[in-house]
Amino acid sequence: MKDNITCKGFSSVLIINSGILWPALVLVMTLNVFGQDSKKVTARITTWYQNKPGAVSVSFDDASYSQHTAAYPILEKLGIKATFSIVGEWVGEAPAFSAEPGSMEIKKMGWPQLLELYDQGHELAAHGYTHEKYDKLMPVPNLVEEMNKIKTLIESRIQTKVYTMNYPYSYASGNIPIAAEEAGYLFGRTGLDTVNPSSPGNMYLLATHVILNETSPDSVIFQNWLDQAKGNWLILMYHHLFEEGSKEMEIIRSHDVVNSYSLSPFQFEKQMKSLVSVNYWVAPVSTIGKYITERDNTEIRVIRTKKKIYINTFTNLNKNVYNHPLTIEVELPWKKVSVQGSLNDGIFTTEERKLYIDAYPEKQIVITKESY
Ligand SMILES: [Zn+2]
């Protein structure tokens with residue numbers, strides 16, 4: 001879609017990219033009437049929030065009690081908000097031991113621990129009402145019913161919509177991702193052992209890298225995953241954080257289990273510290289997923305007058321759901337400006353005539369040229 005708009009007093013051309021795939025709408029205005037200020041003004045939504053170079057989500061499955069005792073304090077210390085997924089049958093009013101029939105029982109979080117995580121800004125996600133693979137051949141309406149059981153259970157506790165499904169066993173073949181969408185989830189996390197591109201082809205088949213045990217991944221592989229996350233979206237999958245020498249680790253060792261799906265709190269902290277050091281955007285699955293959807297479905301229009309730049313964003317998305325602020329990079333010809341309508345209003349001296357503004361979708365931003 002291309003619109004030609006003629007503004008009063010001067011002529012300008014708006015090139016509007018309505019693209020689903022091309023988020024960064026480029027707008028060029030040719031203005032000859034402003035003499036030395038006649039440089040272009042361009043605005044685009046940055047790939048990641050606050051123009052970070054990559055995105056990472058830390059996700060946990062099965063609601064192991066060790067996530068609360070060992071992972072949670074490390075996450076809080078480092079300022080990381082994660083996604084914790086819940087199995088309906090395994091969660092009660094207090095922490096309790098549970099497992100699939102024939103498996104080693106492991107202590108799981110109760111609602112008080114999960115609600116504490118939620119209150120601290122972590123995401124609660126669904127991981128099946130029972131810990132069983134969904135049947136890929138089951139008719140979609142029946143799968144939807146199954147998936148709604150865990151969704152409504154969590155929603156009844158947090159009074160907020162649940163948007164993320166971490167499929168049991170990461171299994172998402174056949175009708176499963178279709179049903180997740182119909183059940184009202186926005187994001188589905190499967191396996192695949194890779195990173196997601198900046199615009200994933202299917203939000204119901206999000207890839208994840210799984211932590212298998214204390215040494216897999218080792219620090220070299222973990223760093224490699226982080227390197228791959230540059231420009232992309234890495235989702236990490238954790239389960240248990242048993243201490244070396246704990247009763248659980250002794251049982252695991254005595255059964256020669258290689259993939260314990262557990263790592264020590266020490267190793268977890270090392271991984272989280274490497275994660276923080278690369279300065280990516282680290283946020284829950286639904287937070288990053290929403291940003292991507294907004295970025296890819298929002299248009300920008302820029303209007304410039306002699307001393308002001310007006311930036312308007314437009315989207316057809318439901319703003320009650322898609323309510324994450326976007327980061328807009330503006331290239332402008334002025335050095336000192338004031339900004340209104342953003343989350344970081346104020347007076348700024350631009351660096352290389354670039355400005356980064358965080359703003360909610362469809363909130364008008366006004367940039368005013370200030371005198372030196
Ligand atoms: Zn699981």
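We count ligands from 1, going down the list as the structure has it; atoms in each ligand are counted the same way.
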**Request:** Around the Zn ion (ligand 1), list the protein N/O/S atoms within a radius below 2.8 Å, excluding water molecules.
**Result:** Asp62 OD1, His127 NE2, His131 NE2
**Message:** Run the ring-ring contact (aromatic ring centres under 6.0 Å, His included) test against Tyr356 and tell me which residues pass, sequence neighbours left out.
**Reply:** none
List, one per line, each side-chain donor-acceptor pair under 3.5 Å for residues 103-113, sequence neighbours excluded.
| unit_1 | atom_1 | unit_2 | atom_2 | d |
| --- | --- | --- | --- | --- |
| Lys108 | NZ | Ser98 | O | 2.9 |
| Lys108 | NZ | Ser98 | OG | 3.0 |
| Gln113 | OE1 | Gly110 | N | 2.9 |

**Message:** Please confirm whether the ring centroid of Trp48 lies under 6.0 Å from the ring centroid of Tyr280.
**Reply:** no
**Message:** Checking side-chain polar atoms at under 3.5 Å, does Lys336 have a donor or acceptor matched by the opposite partner on Thr349?
**Reply:** no
**Item:** Asp61 bridged to Arg189 by N-O distance under 4.0 Å
**Value:** yes
**Request:** For His131, check ring-ring contact (aromatic ring centres under 6.0 Å, His included) against everything at least two apart and list the hits.
**Result:** Trp90, His127, Tyr169
